[in-house]
Amino acid sequence: MTDALFPLAPDADDLLAGLNPPQREAVEYRGPALLIVAGAGSGKTRVLTHRIASLLRSREAWPSQILAITFTNKAAGEMRERVEQIVGDGARGMWISTFHSACVRILRREAEQFGFTKAFTIYDSGDSRALLKRLVKEREADAFGLTPAGVQSKISKLKNELADAESYARDANMSDPAERAFVEIFGDYQRELQKANAFDFDDLIGQTVFLFRAFPHVADVYRKRFRHVLVDEYQDTNHAQYQLIRELTRPVQTDVSSGGAAVLIPEADGASLTVVGDSDQSIYAFRGADIRNITEFERDFPGAKVVLLEQNYRSTQNILDAANSVIRNNFDRKDKKLWSDQGEGEKIVGFTGYSQHDEAQFVADEIDRLRRGGVDYQQMAVFYRTNSQSRALEEIFIRAAVPYKIMGGTKFYDRAEIKDALAYLVAVANPADEMAVRRILNRPRRGIGDVTETAIARFATDNGMSFRDALAHPAEIGLGPKLQKAIAQLDDVLREASGILVPASGEQPSPKAVTEGLRVLLDKSGYSDALRRSRDPQDEARVENLDELVAVTREFARNNPEGTIVDFLTEVALVSDTDDIDDASGAVSLMTLHTAKGLEFDAVFLTGVEEDLIPHRISAGEPGGPQEERRLFYVGITRARKRLYLSLAMTRAQFGEVSVAMPSRFLQEIPSTLVDWRQSPGDVNSRGGLQSRALNGRRTTGDRWGVKPLPAGGGLTPTSTAMDKFPGLVTNKMRDNGDLELAAGDRIRHDDFGEGRVDAVTGDGAKRIAHVRFDTAGSKKLLIKVAPITKL
DNA sequence: GCCAGTCTCATTTTT
DNA sequence: TGAGACTGGC
């Protein structure tokens with residue numbers, strides 16, 4: 001069979017060209033279930049896109065029969081692009097999207113089936129927290145120690161497990177007042193969402209599963225449609241997502257029952273399922289990702305084929321050796337070894353700074369050096385564990401004129417003025433969304449405070465109308481003339497915008513509707529004017545941000561000529577700024593380790609490699625926490641193509657207080673032969689103080705980092721790395737008196753000061769300080785955790 | 001109802 | 001440290 005459009009033979013070849021044997025197998029295997037275990041940098045995107053292309057080319061599937069699910073919008077965009085590169089227009093009609101977008105698409109189509117409308121709002125976590133705040137307050141649940149944030153995360157966890165308020169209540173200890181309050185709030189919350197015609201983030205998945213289970217005929221529509229389901233980053237799926245996949249890949253059954261007898265006959269096999277993932281890169285357990293989804297795939301899908309991709313095309317062998325030797329310490333994993341044929345490459349560079357600024361300075365200097373050596377800024381990235389660590393880096397980078405951009409972090413759509421503007425749009429698109437209407441009620445200031453807001457709400461309840469509709473009856477609410485006028489004006493503006501954005505049925509809104517509607521809302525409500533008149537200098541920036549939002553609507557109209565206000569709001573709710581990573585900007589990327597997943601750079605700086613940061617101290621108490629932290633560290637390492645820097649600081653200022661930082665235990669897991677310590681923890685922290693010789697020396701050297709400082713001991717150990725010089729300085733081996741209990745009256749011995757008596761102990765945790773009077777050396781204050789002391 | 005100044009409090013990761 | 005809650009004066 002030849003086909004003019006799709007000549008089979010040559011194309012099949014070019015899809016396999018350049019692939020190694022396991023990769024080929026992953027592209028070519030056909031069967032009900034396939035698990036591709038793809039180590040970092042093993043070319044999984046390539047495999048996935050070629051697999052899709054191969055299905056299309058061979059006519060095994062129409063584009064519309066393919067559903068590819070990724071974790072981020074960025075990944076979805078990339079995959080689409082790469083598939084289009086291969087098959088061109090033949091990719092049209094495929095669903096390549098995130099879990100959330102796919103579910104929104106389904107829910108919008110089917111919303112009417114279960115009490116929602118197409119125009120439902122998507123609550124982001126800020127929205128749901130705001131709602132919960134109100135509910136917690138109404139129930140006075142703070143008296144039981146419930147906080148909005150705590151309730152939110154608990155609800156989220158439950159939803160990820162597909163539990164609802166009722167099912168949770170069945171097993172909950174209802175004699176505990178806090179539990180009872182929680183159950184009540186959970187119930188309230190769900191009712192409020194329904195009333196507001198809104199889904200929160202977790203609902204998008206959970207309610208889709210619910211929809212499929214409650215309405216099998218609806219599910220069958222999608223089961224018949226999607227014959228090939230492919231899931232990327234499968235190790236990050238949570239239970240709800242797992243169940244969604246299960247529902248989608250169930251066999252289609254036809255109901256031929258007659259006269260009350262239910263008879264189901266199989267109509268078609270379940271869709272073929274391909275999942276790609278790497279359990280070593282599972283770093284989202286904290287928000288419900290269940291690593292078992294991937295580790296038990298073969299049990300879940302008997303007969304599943306498993307393909308292992310272990311050849312790494314990204315990094316040098318040194319980097320991979322480091323990564324392997326770190327991840328090896330996680331005990332419950334299947335052994336998997338990344339290898340590369342790119343040669344050893346450069347050694348990993350280690351550096352210890354005195355402070356985080358010192359560390360940042362090293363990074364800045366080294367970036368500068370790399371740049372001079374021909375590495376582009378956009379090929380360099382700096383990672384850190386927590387967002388707050390970026391500040392020190394930024395300060396130094398600004399001073400050192402290193403161009404940088406922060407990925408993630410404060411989001412455009414999180415700004416108050418943007419949320420206000422969007423609330424205006426939501427109030428028009430989905431008037432049932434009371435939260436949105438309440439939000440804009442007094443923005444700009446209209447003199448409407450708590451009292452008036454409550455009066456409106458009461459009027460609405462009393463008259464069986466929505467909060468939004470109550471705005472149309474200011475005279476009847478019993479308010480002063482000024483307030484009546486203010487409310488009437490708001491009502492007018494919303495009405496006018498509604499005419500533009502949601503025209504009467506049958507009429508097509510103009511492509512410019514969203515832009516125009518937003519303009520009307522901002523201008524006629526007085527919002528823009530209020531900002532422009534303000535003398536707060538920040539308001540100038542806010543005006544600019546709103547202009548930017550208007551520009552976003554224009555861009556949206558260009559890309560989606562048929563796009564409605566609801567489509568626009570969906571996009572805004574689901575697309576974070578992290579997604580539009582501007583690769584051409586010529587700047588160094590700064591981001592958290594989590595954000596780094598899926599990216600790669602020629603040079604990577606992994607900063608803050610300290611205990612309590614990575615592994616983060618909070619993780620210590622969580623089951624599986626330390627292991628997940630190790631995977632996070634592993635993810636960071638494996639982002640690097642050619643150069644990897646590991647840096648830390650000996651002291652770190654946190655919330656205004658300086659504390660001593662210890663090298664991370666993970667450093668010790670890397671063979672010392674792989675690391676070239678420019679300045680090791682030993683150089684900085686040799687006992688005797690933090691103003692070490694190495695640090696002082698550095699300040700006076702012209703080329704600060706060009707020359708490797710001589711190893712201590714006069715260079716008598718030429719092959720040693722600095723790590724050898726300070727046995728006893730890194731974690732296990734590092735002096736760590738940990739939970740050494742000292743109390744006033746105890747006698748201790750200090751390596752340098754001899755014996756003494758403890759007068760008092762102050763502080764707590766790692767910062768406990770012993771006040772000691774030594775027999776010969778006088779009084780000293782010692783940090784109990786690290787001081788070279790023993791109790792007698 | 002508004003505002004500005006003070007206070008307290010928690011500080012991980014985010015589709 | 002810095003964001004949000006709270007308070008008291010207008």
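Every value quoted in this text rests on a predicted model; they were computed, and no experiment measured them. Each chain gets a letter, A, B and so on, in the order the sequences are listed, and its residues count up from 1.
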I need the [atom1]-[atom2] distance between [X] and [N], as an integer number of Å.
| X | N | atom1 | atom2 | value |
| --- | --- | --- | --- | --- |
| A/Leu441 | B/dG1 | CG | P | 11 Å |
| A/Tyr384 | B/dT13 | OH | C1' | 12 Å |
| A/Arg443 | B/dC2 | CZ | C1' | 13 Å |
| A/Leu613 | B/dT11 | CG | P | 16 Å |
| A/Glu628 | B/dT14 | CD | P | 12 Å |
| A/Asp612 | B/dT12 | CG | P | 13 Å |
| A/Ile618 | B/dT13 | CD1 | P | 9 Å |
| A/Asn73 | B/dT14 | CG | P | 15 Å |

Side-chain N or O of [X] versus OP1/OP2 of [N]: is the shortest distance under 4.0 Å?
| X | N | result |
| --- | --- | --- |
| A/Thr386 | B/dT11 | no |
| A/Thr595 | B/dT13 | no |
| A/Arg617 | B/dT11 | no |
| A/Asn387 | B/dT11 | no |

Which nucleotide in the set [options] lies at the smallest distance from any side-chain heavy atom of [X]?
| X | options | answer |
| --- | --- | --- |
| A/Thr592 | B/dT13, B/dG1, B/dT11 | B/dT13 |
| A/His594 | B/dT11, B/dT13, B/dC2 | B/dT13 |
| A/His616 | B/dT12, B/dT13, B/dG1 | B/dT12 |

(request) Find which nucleotide of DNA chain B each of A/His100 and A/Gly447 is nearest to by heavy atoms, and output the residue with the more 5' nucleotide. (result) A/Gly447
(request) Report the residue (A/Ser125 or A/Ile448) whose heavy-atom-nearest nucleotide on DNA chain B is the more 5′ of the two. (result) A/Ile448
(request) Do nucleotides 1-10 of chain C as a string where each nucleotide becomes B, S or -: B if the base has a protein heavy atom under 4.0 Å, S if just the sugar-phosphate does, - if no protein is that close. (result) BS--S-----
(message) Taking the ring of A/Tyr284 and the ring of A/Phe286, is the distance between their centroids below 6.0 Å?
(response) yes
Using a strict threshold of under 4.0 Å (side-chain N to carboxylate O), is an ion pair present between [Y] and [X]?
| X | Y | answer |
| --- | --- | --- |
| A/Glu233 | A/Lys44 | yes |
| A/Arg652 | A/Asp612 | no |
| A/Glu394 | A/Arg391 | no |
| A/Arg630 | A/Glu669 | yes |

Base, sugar-phosphate, or nothing for [X], non-hydrogen atoms under 4.0 angstrom?
| X | answer |
| --- | --- |
| A/Phe201 | base |
| A/Ser388 | nothing |
| A/Arg385 | base |
| A/Asp450 | sugar-phosphate |

(message) Run the side chain to side chain contact (heavy atoms under 4.5 Å, CB included) test on A/Asp124 and A/Tyr413 for me, step by step, so that the C-alpha distance in whole Å, both residues' side-chain angles and the decisive distance to 0.1 Å come before the verdict.
(response) CA-CA 10 Å; A/Asp124 67 20; A/Tyr413 293 106; over 6 Å; no
(request) Decide, applying a 5.5 Å centre-distance limit and a 30° plane-angle limit (both strict), whether A/Tyr284 stacks on B/dT14. (result) no
(message) Measuring only the P atom in each nucleotide, how far is B/dT13 from C/dG4? A whole number of Å is fine.
(response) 15 Å
(request) Could you point out which residue of A/Asp200, A/Asp202, A/Asp164 forms a side chain to side chain donor-acceptor pair (under 3.5 Å) with A/Lys159? (result) A/Asp200
(request) Grab the two heavy atoms, one from A/Phe467 and one from A/Leu441, that are nearest each other, plus how far apart they are. (result) CZ-CD2, 3.9 Å
